[in-house]
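Working notes, structure below.
Order of appearance sets the numbers: ligands from 1, and atoms from 1 within every ligand. From a predicted model like this one, the values you see are computed outputs, not experimental measurements. One-based numbering along the sequence shown. What's counted below: heavy atoms across the whole structure, side chains too, no hydrogens, waters or symmetry copies.
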Amino acid sequence: MLESLSSKVHDEGRQGEAYAPVVADGREFRKKFYIESYGCQMNFSDSEIVASILNDNGFGATGNYAEADLVLLNTCSIREKAEQTVRNRLQVFQQVKDNRPGMLIGVLGCMAERLKEKFLEEEKLVDIVVGPDAYRTLPGLVAEAETGQKAVNVLLSRDETYADISPVRLDSNGVTAFVSIMRGCNNMCSFCVVPFTRGRERSRDAISIVRECTDLFNKGFKEVTLLGQNVDSYYWLDETNGRAVTFAHLLEMVALVDPSLRVRFSTSHPKDITDEVLQTMARYENICRYIHLPVQSGSTRVLQLMNRTYTREWYQAKVQRILSVLPDCGLSTDIIAGFCSETEEDHQDTLSLMEYARYDMSYMFFYSERPGTLAARRYKDDVPEEVKKRRLEEIVRLQNRLSLEKNKEDIGKIFTVLIEGDSKKSAADWRGRNSQNKVVVFPKGDAGLQKGDYVQVRIDGCTGATLIGRPVI
Ligand code: SAH
Ligand code: SF4
Ligand code: F3S
């Protein structure tokens, strides 16, 4: 289908991931749960919170759904295709359940929140429906479902941040981890379902964030990615001293955990990223030189309809500002092709903006109308599917060219690479990333290196997606 055109789709294009079995601090578990996650990093991070809550209530994880007492799907609603993937997956579980009548099936996350009780009518095999702010009540809902009743909690909260819950890191490489710093979104981009599925924006207690990052570092992790839909609007008031913690302050606090702990963040809304954040990045070498700055469209007219609150020129000035403070900063973006009323000229504006920003990487989508959003209520989804498809193809082709050009410019440079594990293609090579978030592959040789080590690598080749090099000895 059309969506498969996206060369890098970071959410629903990714197959659902199952967690490997946990051996959690020697505890005996009464029952087994299996969890599969779809959507953005926030959802994957939430599944780790759910795993923690379930572990505390006698459920241990299994990587094999056929032996699970409880099967959970953490779902995404961002595009129609994401929801279709979940429905297809439920059909597979239907067959398993036919042979294991006692098995319970729960739907979590954004699709649960969007459809609420309706989910139970549409998908008869589902026993439990839980929205993103109600995971603490999951054990109670499971108990209710065990008595044969359907159990639903889709209440959104103004203050739930799960700050006190220590996520269970399952299926982790032991080197990089995601840390959720806020929940919800107040932005109301007209195409987007997230404000409806995730509720109001709220920031997590900064002290608990720093504690979690310190704990990860002490366990050997070398990189944390601070997560939120709009991290630059992070704001938390420390009531002990009356001090307000902004995102720039928080970045500094996390950077100070240890100079050898890399700090990344996602996502920045162009309207909110401040000079203070850029200056903080410049001050600390361990804050990675990489910003994901979703533009969505290069046409001011379309941006206005999208309610993104910036113009093409304003965005361009932001890119210039970033590069003047951080000349070696990597940049990536999200682009939507074929939004309501988009003309050929608007589309050309998107292509020319991509050339202007010279993104290292993009996540590219075609517009998918989501029920209840401002765009669905106000505008007509009037760009024909084949036009959306062709425009998306042009965007993908351009990005492939830009990525290759940008990677070629790195040939001859030396980067500090954090080793994350074996290269996907060969166990004789390491795979890691540089500060700019580019994947770097290099031969292991006999240098005695390990996962989690930093290495200086000189780049001597590349593809559009990967830099290839050799360690500098
Ligand atoms: N909070 C992030 C984005 C979250 S959703 C931000 O504001 O940047 C990730 C991406 O999905 C968005 O940036 C957008 O490009 C895309 N997206 C969201 N809604 C969409 C829709 N209805 N159709 C197609 N793409 C969409
Ligand atoms: Fe959606 Fe916009 Fe919020 Fe991102 S900032 S989650 S695109 S409403
Ligand atoms: Fe999808 Fe919800 Fe994330 S809609 S992209 S899982 S916030």
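Close approach to Cys192 involves these atoms of ligand 2, each under 4.0 Å from a residue heavy atom: 1 (Fe), 6 (S), 7 (S), 8 (S). Every atom of ligand 3 with a heavy atom of Ser77 under 4.0 Å away is listed here by number and element: 1 (Fe), 4 (S). For ligand 2, the atoms closer than 4.0 angstrom to any heavy atom of Met188 are 8 (S). Contact atoms of ligand 3 toward Asn43: 6 (S) (distance under 4.0 Å to a heavy atom of the residue). The contact set between ligand 3 and Cys110, taken as ligand atoms under 4.0 Å from a residue heavy atom, comprises 2 (Fe), 4 (S), 6 (S), 7 (S). Ligand-side atoms of ligand 2 in range of Arg308: 2 (Fe), 7 (S), range being under 4.0 angstrom from any heavy atom. Interface atoms of ligand 1 facing Arg79, defined by a heavy-atom separation under 4.0 Å, are 11 (O), 16 (C), 17 (N), 23 (N), 24 (C), 25 (N), 26 (C). Residue-ligand proximity, Pro195 to ligand 2, at heavy-atom distances under 4.0 Å covers atoms 8 (S). Distances below 4.0 Å separate heavy atoms of Cys185 from the following atoms of ligand 2: 3 (Fe), 5 (S), 6 (S), 8 (S). Counting the atoms of ligand 3 from 1 in the order shown, those under 4.0 Å from a heavy atom of Cys40 are 3 (Fe), 5 (S), 6 (S), 7 (S).
Relative to atom 7 (S) of ligand 3, the option among Glu113, Gln229, Met42 with the closest non-hydrogen atom is Gln229. Around atom 8 (O) of ligand 1, the closest heavy atom drawn from Cys192, Pro294, Ser190 belongs to Pro294. Relative to atom 13 (O) of ligand 1, the option among Thr267, Asp334, Leu293 with the closest non-hydrogen atom is Asp334.
Applying side-chain hydrogen bond (donor to acceptor under 3.5 Å, both in side chains) to Asn230 and the options Asn186, Asp272, Thr267 leaves one that passes, Asp272. Between Asp133 and the choices Arg200, Arg158, Arg202, the salt bridge (Lys or Arg N to Asp or Glu O under 4.0 Å) rule is met once, by Arg202. Tested against Glu160 for a salt bridge (Lys or Arg N to Asp or Glu O under 4.0 Å), the candidates Arg183, Arg204, Arg136 yield a single pass: Arg136.
Using 4.0 Å as the threshold, Arg308 has a heavy atom nearer than that to some atom of ligand 1. Not a single heavy atom of Val194 sits less than 4.0 Å from an atom of ligand 1. Residue contact check for ligand 1: Ile336 places a non-hydrogen atom closer than 4.0 Å to it. Using a 4.0 Å cutoff on heavy atoms, Phe339 does not count as a contact of ligand 1. Contact annotation: Gly109 has no heavy atom less than 4.0 Å from any atom of ligand 3.
Aromatic pair Phe93/Tyr65: ring centres closer than 6.0 Å.
Between Phe339 and Tyr379, the ring-plane angle classifies as perpendicular under the 30° and 60° cut-offs.
At least one N, O or S atom of Cys189, from either the backbone or the side chain, sits less than 2.8 Å from atom 2 (Fe) of ligand 2. Coordination check, Cys76 versus atom 1 (Fe) of ligand 3: passed, since an N/O/S atom of the residue sits under 2.8 Å.
Residues Phe366 and Arg79 approach most closely at O-CD, 4.3 Å, considering heavy atoms. Closest approach of Lys318 and Pro270 over heavy atoms only: CE-O, 3.4 Å.
With a 4.5 Å cut-off on side-chain heavy atoms, Glu223 and Arg433 count as touching. Between Cys213 and Val179, some side-chain heavy-atom pair lies under the 4.5 Å cut-off. Arg301 has its side chain within reach of Ser341: a pair of non-hydrogen atoms, C-beta onward, lies under 4.5 Å apart.
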Worksheet item: So Val168 and Glu48, side chain to side chain contact (heavy atoms under 4.5 Å, CB included) or not? Walk me through it.
Response: CA-CA 5 Å; Val168 171; Glu48 299 190 331; 5.5 Å; no
Worksheet item: Step by step, would you call Leu278 with Leu326 a side chain to side chain contact (heavy atoms under 4.5 Å, CB included)?
Response: CA-CA 7 Å; Leu278 302 179; Leu326 304 159; 4.2 Å; yes
Worksheet item: For Thr161 and Asp205, what are the C-alpha separation, side-chain angles and deciding distance, and is it a side chain to side chain contact (heavy atoms under 4.5 Å, CB included)?
Response: CA-CA 8 Å; Thr161 58; Asp205 165 352; 5.8 Å; no
Worksheet item: Can Phe265 and His292 be said to form a ring-ring contact (aromatic ring centres under 6.0 Å, His included), step by step?
Response: CA-CA 8 Å; Phe265 53 89; His292 182 58; over 10 Å; no
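On a distance-only criterion, Gln296 and ligand 1 share at least one N/O pair closer than 3.5 Å. Of the N or O atoms in Ser368, one or more lie within a sub-3.5 Å distance of an N or O in ligand 1. Annotation: Arg370 places no N or O atom under 3.5 Å from an N or O atom of ligand 1; distance criterion only. Polar contact with ligand 1: absent for His269 (N/O pair, distance under 3.5 Å).
If you look at Phe191 next to ligand 1, the close heavy atoms, those under 4.0 Å, come from the backbone and the side chain alike. Residue contacts with ligand 1 for Tyr363 are absent, since no atom lies close enough (heavy atoms, distance under 4.0 Å).
A salt bridge links Lys406 to Asp360: one of the charged nitrogens lies within less than 4.0 Å of a carboxylate oxygen.
Taking atom 5 (S) of ligand 2 as the reference point, the nearest protein heavy-atom neighbour is Asn187 ND2, 3.3 Å. The single protein non-hydrogen atom nearest to atom 4 (Fe) of ligand 2 is Gln229 O, 4.4 Å, given as residue, atom name and distance.
To the nearest 0.5 Å, the span separating CD on Glu144 from CG on Leu104 amounts to 11.5 Å.
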